[in-house]
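Positions are given from 1, in the same order as the sequence printed here.
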Amino acid sequence: MNIVLVTGASSGLGVEFLKLIDKRNTFGGRNIDELWIIARRKDRLEHLTGELIHKSRIFALDLSVRSSFSFIKESVASFSAEILLLVNCAGFGRFGMVSDMNTDDLGNMISVNCTAATIMTGELIPYMRKGSRIINICSTAAFQPLPAIAVYAATKSYLYSYTRALRFELLHSGIGVTAVCPYWMLDTEFIQKAEHYDGEKKMILRHYFLSTRASAVARRALRGAALNLPVVTPDFFSFIHRFLGKLIPDELLMWGWSFFRRI
């Protein structure tokens, strides 16, 4: 059985990936038999499966809990499944100064953004073969340190570095690994949840200029993975930001970010 597995699939970008994949009969030249969708909110997943053409299997799991990964691995093994595509889309963010955040939120960002993608991928690589693909949703935040979203940006920097190195490790196997680094997506729940917590609004930007849409990010990410690209910057800002991050010292980039926040 050939499967596509998407985490963070109950809303936003994860849903857009599933909608696009669901329109395909094949991925990488092999038939798609089932879509496996993973997120915490079971009701959302059940509603989503009613809209999909492919047979789908839902896993209402919290990826900050280590036992979730062994459960997925055991499920893949029990069905003798081969993974055509793994999309690590689950993510968690909080805006604000580190000194103002509770430590649970800081730890959860690391657990979901770094640990979950790392362990999920490690558990499932043995069930992939030549032509399989891994997509890790990083962020343009990976390209520089960002005060006021310091921990979130650091987690995405980790995921970006890990993804680039993993790609190199797997070159001989024919398994492709792609880091996708989008800018803000206003049509997802991410910004609202990152800004609103502890009964307050933690606004770090006045305007989200040049934002993109989740459907465009998912479409370009799938195209990039099919072409086995190492990095996809799916919008104008992230494309420019990637090169600025290589050319300009971090200290100057952080001053530029501080100015940008006040526009």
Side-chain angles (χ1 to χ4, degrees), residues 7-8 12-14 63-64 86-101 103 105-122 134-170 176-185 188 190-191 193-195 202 204-205 208 210-212 217 220-221 224-225 229-261:
T7 73
L13 186 57
L63 296 184
S64 65
L86 168 63
V87 183
N88 284 309
C89 198
F92 173 76
R94 284 285 189 258
F95 293 168
M97 302 300 177
V98 171
S99 58
D100 296 331
M101 292 186 192
T103 53
D105 283 341
L106 298 177
N108 284 336
M109 277 189 276
I110 296 169
S111 294
V112 177
N113 299 349
C114 300
T115 307
T118 303
I119 297 179
M120 182 71 78
T121 302
I134 300 166
I135 294 175
N136 285 336
I137 303 302
C138 302
S139 168
T140 192
F143 300 139
Q144 71 167 92
L146 290 171
I149 49 172
V151 176
Y152 175 77
T155 64
K156 293 302 184 178
S157 181
Y158 163 85
L159 187 59
Y160 176 74
S161 177
Y162 162 75
T163 303
R164 297 301 307 274
L166 180 65
R167 172 187 173 81
F168 196 84
E169 290 183 7
L170 295 178
V177 187
T178 298
V180 179
C181 302
Y183 185 50
W184 304 118
M185 292 174 280
T188 73
F190 176 82
I191 292 175
K193 288 187 173 183
E195 285 185 336
K202 318 285 186 176
I204 60 165
L205 288 173
Y208 292 92
L210 302 174
S211 60
T212 188
V217 172
R220 291 163 188 165
L229 298 181
V231 181
V232 172
T233 46
D235 52 81
F236 175 77
F237 187 93
S238 62
F239 178 80
I240 297 298
H241 193 192
R242 182 185 176 196
F243 287 98
L244 291 179
K246 295 177 182 295
L247 297 174
I248 300 175
D250 285 345
E251 198 72 17
L252 291 179
L253 286 171
M254 285 189 282
W255 280 109
W257 162 247
S258 296
F259 172 77
F260 184 68
R261 289 176 56 203

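By the 4.5 Å heavy-atom criterion applied to side chains, Leu253 and Phe143 are not counted as neighbours. Two residues are said to be in side-chain contact when any heavy atoms from C-beta on lie closer than 4.5 Å; Thr233 and Tyr183 fail this criterion. Inter-residue side-chain proximity for Thr121 and Asn136 is flagged as met; some heavy-atom pair is nearer than 4.5 Å. Between Leu159 and Thr155 there is no side-chain heavy-atom pair separated by less than 4.5 Å. Within the 4.5 Å cutoff, the side chain of Arg94 has no heavy atoms near those of the Glu195 side chain. Using a 4.5 Å heavy-atom cutoff, the side chains of Leu205 and Trp184 are in contact. Considering only heavy atoms from C-beta on, Val98 comes within 4.5 Å of Val151 through its side chain. Residues Ile135 and Asn88 form no side-chain contact, since every pair of their non-hydrogen atoms from C-beta on lies 4.5 Å or further apart.
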Let me see the working for Ile204 and Trp257 under side chain to side chain contact (heavy atoms under 4.5 Å, CB included), right down to the final yes or no. CA-CA 11 Å; Ile204 60 165; Trp257 162 247; 4.0 Å; yes
In sequence, state the C-alpha distance, the side-chain angles, and the governing distance for Thr178 and Thr163, and then conclude on side chain to side chain contact (heavy atoms under 4.5 Å, CB included). CA-CA 7 Å; Thr178 298; Thr163 303; over 6 Å; no
Assess the residue pair Tyr152 and Leu146 against the criterion (side chain to side chain contact (heavy atoms under 4.5 Å, CB included)); give the C-alpha distance rounded to whole Å, side-chain angles, the decisive distance to 0.1 Å, and a yes or no. CA-CA 9 Å; Tyr152 175 77; Leu146 290 171; over 6 Å; no
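Shortest non-hydrogen contact noted between Val180 and Ala221 is CG2-CB, 3.6 Å. Considering every non-hydrogen atom in both Pro234 and Cys181, the closest pair reads CD-O, 3.5 Å. For Asn113 against Ala90, the heavy-atom pair with the smallest separation is OD1-O, 4.4 Å. Residues Ala142 and Lys156 approach most closely at CB-O, 3.3 Å, considering heavy atoms. Here the closest non-hydrogen pair linking Val232 and Gly224 is CG2-CA, 3.8 Å. In terms of heavy atoms, Gly93 sits closest to Met109 at CA-SD, 3.9 Å.
Checked by atom type and distance alone, the side chain of Thr140 never pairs as donor or acceptor with a backbone atom of Pro182 at under 3.5 Å. At distances below 3.5 Å, at least one donor-acceptor pair connects side-chain atoms of Ser258 with backbone N or O atoms of Met254.
Within a 6.0 Å sphere centred on CZ of Phe236, heavy atoms belonging to other residues, nucleotides or ligands number 12 at most. Within 6.0 Å of the OH atom in Tyr208, the count of heavy atoms belonging to other residues, nucleotides or ligands exceeds 12.
In this structure, the separation between CD1 on Ile137 and SG on Cys89 is 5.0 Å, given to the nearest 0.5 Å. In this structure, the separation between OG on Ser111 and CG on Leu63 is 10.5 Å, given to the nearest 0.5 Å. Rounded to the nearest 0.5 Å, atoms CE (Met120) and OG1 (Thr115) are 12.0 Å apart. The structure places CG of Leu170 at 4.5 Å from CG of Leu166, a figure rounded to the nearest 0.5 Å. We find the OG-CZ distance between Ser211 and Phe237 to be 11.5 Å, quoted to the nearest 0.5 Å.
The closest side-chain donor-acceptor pair between Tyr160 and Ser139, if any, does not fall under 3.5 angstrom. Neither side chain, Thr212 nor Asp235, offers a donor N or O lying under 3.5 Å from an acceptor on the other.
The aromatic rings of Phe190 and Phe95 lie perpendicular to each other, with more than 60° between the two planes, well past the 30° mark.
Remark: of the listed residues Val177, Leu229, Ile134, Val177 is the sole one forming a side chain to side chain contact (heavy atoms under 4.5 Å, CB included) with Arg167.
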